[in-house]
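One structure below.
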Amino acid sequence: MNLSGRLATTTLGDLLGALFREQATGTLELIEDKGPRAGRLHRVHLQDGQVARIESPDVAERLGERLEREGWLTAQQREQFSQAFFGKNGPVGRVLVESGWVPEPVVSRALHEQLRSRLDAIFSLPDARVAFRVARPRVAGSDPARPLEPKEFLHGRPRRRERDARAGGNPSPTGRGRLPVEGDRYRDLTRLGLAPTATRDEVRRAFRKLAAALHPDRHLHASAEVQETLRRQFVELSTAYHRLAS
């Protein structure tokens, strides 16, 4: 898999799309090396192609602040928790849940929204040096957060083909075996994490890989809420595939 060495020659959406199609696990590093922000490093951690965690020097609302704003913690409780957490090992979200301060579904949702806001900030980078590092073994006791779904980090994001079109470039012609891209077809291809130039074979392979991961039969011991989410995602995936295959 070849990734562009600079963000200015592509887009973050294209990079994440390529990594998602490869079901890559590792860290996408974006290093700002020009101007007053030179030296700033942003890390996007991926698990099986999905955005699982982000490290960035950009200011983001802390988990405790978000939970206080939503009414799950008072300012006093947040301060008490900060003192109680000091010196403990493990992610803040996990400690909040295991200490009984906030229910796990609430922490999971807050972490997920925090992850989306951090990714939105990184999408605003005009340029950076790009590198991808293979994953180290996962650390036990991670935050109770779920990764971003492909539609959350791919759908509606800036892509190079759109930037080139706005600049007056000519889009690549639809080659033999390629799928026409318009309306629902564009959304369906995005749902499968594919580019508009995807072939029917690529559509079939992407569907099989995603379906194997999402199929409800593989998650029989999950909670009812998780099973319902997986069922809905599997139906959406199947619908997209059958529309593209028709």
Side-chain angles (χ1 to χ4, degrees), residues 1 3 7 11-31 40-64 66-67 89-98 102 104-125 128 130-157 190-194 206 209-215 218-219 222-223 225-227 229-230 232-234 236-237:
M1 176 176 55
L3 296 178
L7 186 60
T11 68
L12 183 56
D14 289 321
L15 293 173
L16 292 176
L19 292 167
F20 175 73
R21 289 191 293 276
E22 293 292 328
Q23 300 289 282
T25 296
T27 302
L28 178 66
E29 294 186 345
L30 304 169
I31 306 101
R40 289 161 54 91
L41 171 62
H42 310 266
R43 291 188 176 99
V44 181
H45 300 276
L46 297 109
Q47 182 68 35
D48 298 328
Q50 295 181 297
V51 177
R53 186 165 60 90
I54 290 175
E55 296 176 82
S56 173
D58 288 330
V59 177
E61 187 177 33
R62 296 180 181 276
L63 178 60
R66 179 181 290 270
L67 293 172
N89 294 322
V92 175
R94 177 59 57 190
V95 176
L96 273 170
V97 172
E98 292 179 350
V102 183
E104 180 166 348
V106 174
V107 172
S108 179
R109 176 185 52 77
L111 287 169
H112 190 77
E113 293 173 356
Q114 184 186 62
L115 184 60
R116 289 189 61 177
S117 66
R118 286 177 173 169
L119 185 63
D120 289 341
I122 295 179
F123 262 98
S124 67
L125 293 178
V130 176
F132 184 74
R133 314 290 183 191
V134 295
R136 295 178 179 178
R138 298 186 67 183
V139 178
S142 59
D143 271 357
R146 60 183 176 85
L148 297 180
E149 298 179 12
K151 63 182 179 182
E152 295 177 284
F153 62 86
L154 293 178
H155 183 67
R157 300 292 188 175
T190 301
R191 181 69 184 83
L192 271 68
L194 296 171
K209 184 176 292 186
L210 287 170
L214 290 174
H215 199 285
R218 297 194 60 179
H219 304 274
S223 67
E225 181 181 1
V226 170
Q227 288 187 2
T229 299
L230 291 170
R232 176 177 52 78
Q233 292 175 351
F234 185 79
E236 292 174 355
L237 180 70

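The model shown is predicted, which means the values in this text are computed figures rather than measured ones.
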Under a 4.5 Å cut-off applied to non-hydrogen side-chain atoms, are [X] and [Y] in contact?
X	Y	value
Pro57	Arg40	yes
Val102	Val97	no
Leu125	Leu12	no
Glu104	Arg109	no

Can you measure from [atom1] ([X]) to [atom2] ([Y]) and round to the nearest 0.5 angstrom?
X	Y	atom1	atom2	result
Leu210	Glu236	CG	CD	12.5 Å
Gln23	Leu46	CD	CG	10.5 Å
Glu55	Leu41	CD	CG	8.0 Å

### Message
Determine whether a donor-acceptor pair (N or O, by modelled atom type, separation under 3.5 Å) exists between the side chain of Thr27 and the backbone of His45.
### Response
no
### Task
Give a yes or no on this: more than 12 heavy atoms of other residues, nucleotides or ligands lie within 6.0 Å of atom CZ of Arg116.
no
Looking at every non-hydrogen atom in both residues, tell me the closest pair between [X] and [Y] and how far apart they are.
X	Y	result
Ala211	Phe234	CB-CE1, 3.8 Å
Phe132	Ala24	CZ-CB, 3.9 Å
Leu115	Ala52	CD2-O, 3.8 Å
Leu67	Ala110	CD2-CB, 4.0 Å
Val51	Leu16	CG2-CD2, 4.3 Å

### Message
Test side-chain contact (heavy atoms from CB on, under 4.5 Å) on Leu19 and Val44; report intermediate values, then the result.
### Response
CA-CA 11 Å; Leu19 292 167; Val44 181; over 6 Å; no
### Non-neighbouring partners of Arg66 that pass side chain to side chain donor-acceptor pair (under 3.5 Å), sequence neighbours left out
Glu113
#### Entry: Those residues that, when tested against Ala121, pass side chain to side chain contact (heavy atoms under 4.5 Å, CB included) (two or more places apart)
Asp58
### Query
Excluding sequence neighbours, so at least two apart, what forms salt bridge (charged side-chain N to carboxylate O under 4.0 Å, His left out) with Glu29?
Arg43, Arg133
